[in-house]
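Notes follow the structure.
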Protein chains: 2
Amino acid sequence: MTERTTLADVAAAAGVSVSTASLAFSGAGPISAATKQRVLDAAAELGYTGPSALGRSLRSGRSGIVGVVIGDQLRRSFRDPVSVQVLDGLVDSVGPQGLGVLLVPATGGEAADPLVETAPMDAAVLLFGARRGEGTFEALRRRGVPVVLGEGPRGLDAPVVGIADREGTRRLVEYLRELGHSRIGVVTLPLGGERRCAPVDAARMAELDCPPAEHRLAALDDAGVVPTAVVEASASLVEAGVEAGRVLLDVADPPTAVLTHSDLLAAGVLIAARDLGLRVPEDVSVAGFDGLNLPWLAPDVLTSVAQPFAAKGAAIGDAITAILAGETPADVELEVELRIGTTTAPPRA
Amino acid sequence: MTERTTLADVAAAAGVSVSTASLAFSGAGPISAATKQRVLDAAAELGYTGPSALGRSLRSGRSGIVGVVIGDQLRRSFRDPVSVQVLDGLVDSVGPQGLGVLLVPATGGEAADPLVETAPMDAAVLLFGARRGEGTFEALRRRGVPVVLGEGPRGLDAPVVGIADREGTRRLVEYLRELGHSRIGVVTLPLGGERRCAPVDAARMAELDCPPAEHRLAALDDAGVVPTAVVEASASLVEAGVEAGRVLLDVADPPTAVLTHSDLLAAGVLIAARDLGLRVPEDVSVAGFDGLNLPWLAPDVLTSVAQPFAAKGAAIGDAITAILAGETPADVELEVELRIGTTTAPPRA
DNA sequence: GTCGTCGGTCGAATCGATTCGAGGAGTGGT
DNA sequence: ACCACTCCTCGAATCGATTCGACCGACGAC
């Protein structure tokens with residue numbers, strides 16, 4: 001590959017100065033149509049595709065890159081359809097503005113990943129909440145990179161884009177109660193700290209640090225329901241749901257309804273129930289959260305609380321746009337929708 | 001947010017010249033321990049987190065960014081577990097070298113996406129093959145950005161990292177034949193051009209341009225098998241598999257075995273078969289490709305050809321590393337493994 | 001005819017860092 | 001005491017582009 005052609009080369013070829021050539025591309029500033037055309041022709045001749053982003057970045061201080069900091073394991077994030085779809089919405093939102101999305105893995109510990117410290121970005125998105133004590137948020141702040149939180153804790157001096165998960169869960173719980181359920185079990189997302197599949201006891205509750213789970217658990221209180229059992233899943237995966245479902249249902253007197261914190265977990269609970277010889281929804285009702293379209297559950301349709309993925313990504317994109325424009329966007333809470341499927345029904349008499 | 005502190009600020013605070021301060025960070029070049037420490041202390045004092053990537057990039061010509069060009073719809077790529085896992089392997093591979101991964105959407109048409117033209121990258125990965133006629137590959141070449149192809153066509157003057165899909169399919173076909181199947185149907189991945197779900201006839205075959213599908217179809221010839229019917233799916237999704245499965249199986253004399261080009265398609269065919277009242281594997285055998293772990297198929301286990309996702313991502317990462325080191329890596333073809341599950345069996349007598 | 005004005009072009013400084021060659025201080029040898 | 005040599009530090013050029021102020025020619029007005 002040959003030497004990269006620069007604006008200077010084009011200017012020389014067109015017989016104008018570098019500054020004039022720059023004007024031809026940027027469009028700003030006075031320049032005669034003839035000169036501009038001459039520059040553009042010379043550029044086409046040399047295969048010059050426009051000013052290098054690097055030089056422009058240096059001058060403007062803008063890189064045109066939005067960093068997306070993904071949880072402690074990129075792998076896990078990518079496997080979660082929810083984050084993938086939010087990411088998709090984000091790319092759709094900022095892409096047309098000429099902004100690129102840079103994936104930045106974040107180590108879970110105190111220290112921030114090297115990329116967090118050094119990668120060029122105009123703004124960053126923390127998709128899975130900035131757990132306090134993690135160095136990532138602080139590192140970005142120190143660098144002066146504005147941050148948008150996706151589902152993060154509020155009050156961190158950064159705009160938060162979230163969903164009304166507490167309200168959604170409350171509606172779901174009320175729906176279950178109206179059906180006649182009083183023995184309700186819960187499968188939560190990982191609550192933070194070490195990952196494991198285990199019943200949640202008082203001690204575990206005390207360390208709660210994961211906002212969505214917090215909200216969704218709090219919603220039970222809102223509805224005046226005390227769960228018969230709460231089990232923490234090790235991840236938002238079908239396998240984890242199976243595991244948690246067994247813990248919850250393989251007991252003498254299982255709950256008549258299981259409320260899970262994600263559709264994948266719910267799918268796992270469905271499998272666990274079937275393995276245990278329980279029919280859904282006759283013997284046990286199962287509800288999810290997210291509103292994923294899971295075609296392989298057909299003909300079943302999961303009762304779930306649907307959240308607007310693409311809109312969430314777009315809202316994050318809007319927040320970034322606003323920040324880059326010098327504004328300070330407000331927190332956003334997106335509406336969710338209760339979708340009744342075939343996996344919930346009144347309990348057996 | 002305050003003015004960004006620069007190396008010059010640190011140098012001033014430490015009472016040394018900018019060049020000396022640079023030495024303190026880069027590590028290269030002679031510098032006394034005392035001076036170095038003084039610079040580092042001053043940096044810590046000012047909250048300077050190291051040289052800005054922009055300045056460094058400009059000087060070195062390297063941005064530390066690897067562009068991943070995703071097919072015409074980011075959405076589709078993200079929804080495909082295969083590409084997600086390959087991407088994951090890639091990030092794991094290049095991340096530790098301090099390289100970031102920039103997602104670059106590519107418009108399907110002739111023109112290249114603005115980001116392809118302008119975004120800073122040291123190298124680019126075309127994950128879903130560079131279809132000829134697409135402007136993306138050419139645009140990158142013009143910019144002088146080295147390209148690595150994931151499953152792309154060979155002979156494009158860029159290293160290709162692929163899998164032995166032809167060999168894997170051949171083994172799968174031979175396995176089916178040994179079971180006694182002679183009427184074998186095929187569900188292919190989209191073959192390029194417009195997306196649709198339809199039987200593949202001679203006219204359609206003539207426009208074939210999608211290498212994996214090409215190889216996998218060619219493998220039937222290798223094994224001396226002529227498929228009874230070939231149906232093209234509209235995407236690698238369960239829903240598309242259902243649709244294609246209906247086309248293939250809802251006929252008077254359906255095939256006794258269905259070979260699909262992806263596990264998601266196979267899962268869809270399983271659903272279609274069930275809907276049509278066909279038992280698997282008694283009435284019809286179904287095989288996939290990819291070796292995804294699909295827990296929700298339990299207790300069924302899909303017969304499939306497993307490809308090493310992470311290794312593929314890592315191989316792409318290695319190729320990029322080699323290119324950045326000035327070498328010209330050779331093409332890589334990764335081994336695949338035939339995994340017999342519960343969805344294939346001898347045909348009914 | 002001369003002066004003011006305006007549109008168009010150019011020079012030079014600037015962004016933040018790297019890097020090379022020059023220079024200066026200190027040391028050891030003769 | 002002088003020279004040579006080593007080790008560190010500094011100044012200046014450089015990367016590719018933007019942008020402001022200066023400059024210059026032409027045209028209109030009085």
Side-chain angles (χ1 to χ4, degrees), chain A residues 2-40 42-43 46-64 98 117-122 143-145, chain B residues 2-40 42-43 46-64 98 117-122 143-145:
Chain A
T2 65
E3 201 62 30
R4 261 180 69 58
T5 64
T6 81
L7 188 58
D9 299 332
V10 175
V16 299
S17 74
V18 186
S19 27
T20 306
S22 174
L23 292 183
F25 282 102
S26 68
I31 185 171
S32 73
T35 311
K36 179 168 180 175
Q37 193 54 50
R38 201 145 41 90
V39 173
L40 293 183
L46 273 64
Y48 181 78
T49 54
S52 141
L54 257 58
R56 166 175 295 165
S57 297
L58 181 58
R59 189 71 177 102
S60 63
R62 287 269 175 92
S63 59
E117 297 280 11
T118 66
M121 355 181 204
D122 295 341
R143 286 185 58 188
V145 175
Chain B
T2 66
E3 200 62 29
R4 260 178 70 57
T5 63
T6 83
L7 188 58
D9 301 331
V10 175
V16 298
S17 74
V18 187
S19 30
T20 305
S22 174
L23 256 19
F25 283 102
S26 69
I31 185 173
S32 73
T35 311
K36 178 168 181 176
Q37 193 54 50
R38 200 146 41 91
V39 173
L40 294 182
L46 274 63
Y48 181 78
T49 54
S52 142
L54 259 59
R56 167 176 296 165
S57 298
L58 181 58
R59 189 73 179 101
S60 63
R62 287 269 175 92
S63 58
E117 297 278 12
T118 65
M121 358 182 201
D122 295 341
R143 285 185 60 188
V145 175

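Letters go in sequence order (proteins before strands), and every chain restarts at 1. Since we're looking at a predicted model, the values are computed, not measured.
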Report each atom pair, protein N/O against N/O of nucleotides 4-8 of chain D, whose distance is under 3.5 angstrom.
none

Checklist entry - Does B/R38 have any side chain to side chain contact (heavy atoms under 4.5 Å, CB included) partners at least two apart in sequence or in another chain, and if so, which? => result B/V16, B/T35
Checklist entry - Using a cut-off of less than 4.0 Å, is there contact between a side-chain N or O of A/S17 and OP1 or OP2 of C/dC10? => result yes
Checklist outcome for this item: One would report the end-axis bend of the helix from C/dG1-D/dC30 to C/dT30-D/dA1, five pairs per end and rounded to 10 degrees, as 60°
Checklist entry - What's the CG-P distance between B/L7 and C/dT18, to the nearest Å? => result 7 Å
Checklist entry - Expressed in angstrom and rounded to an integer, what is the separation of B/R62 atom CZ from C/dG16 atom P? => result 24 Å
Checklist entry - Atom OG in A/S57, atom CG in A/D122: separation rounded to 0.5 Å? => result 7.5 Å
Checklist entry - For A/S22, which contact category applies under a 4.0 Å heavy-atom criterion: base, sugar-phosphate, or nothing? => result base
Checklist outcome for this item: What one should report as the nearest heavy-atom pair of B/F25 and B/V39 is CE1-CG1, 4.1 Å
Checklist entry - Is the closest side-chain heavy-atom distance between A/R56 and A/R62 below 4.5 Å? => result no
Item to check | Nearest-neighbour nucleotide for the A/V16 side chain, D/dG16, C/dG16, C/dC10 considered | outcome: C/dC10
Item to check | Which residues share a side-chain hydrogen bond (donor to acceptor under 3.5 Å, both in side chains) with B/T6, sequence neighbours left out | outcome: none
Checklist entry - Which whole-number value in Å describes the distance from A/K36 NZ to C/dG7 C1'? => result 16 Å
Restricting both atoms to N or O, compile the protein contacts to nucleotides 20-26 of chain C shorter than 3.5 Å, with distance only.
none

Checklist entry - Which residues, if any, of residues 51-61 of chain A bring a heavy atom under 4.0 Å of DNA chain D? => result A/P51, A/S52, A/G55, A/R56, A/L58, A/R59
Checklist entry - Counting only side-chain N and O atoms of A/Y48, is one of them less than 4.0 Å from OP1 or OP2 of D/dG16? => result no
Item to check | pair A/P51-A/L7: side-chain heavy atoms closer than 4.5 Å | outcome: no
Item to check | Test side chain to side chain contact (heavy atoms under 4.5 Å, CB included) applied to B/T20 and B/I31, step by step | outcome: CA-CA 8 Å; B/T20 305; B/I31 185 173; 4.1 Å; yes
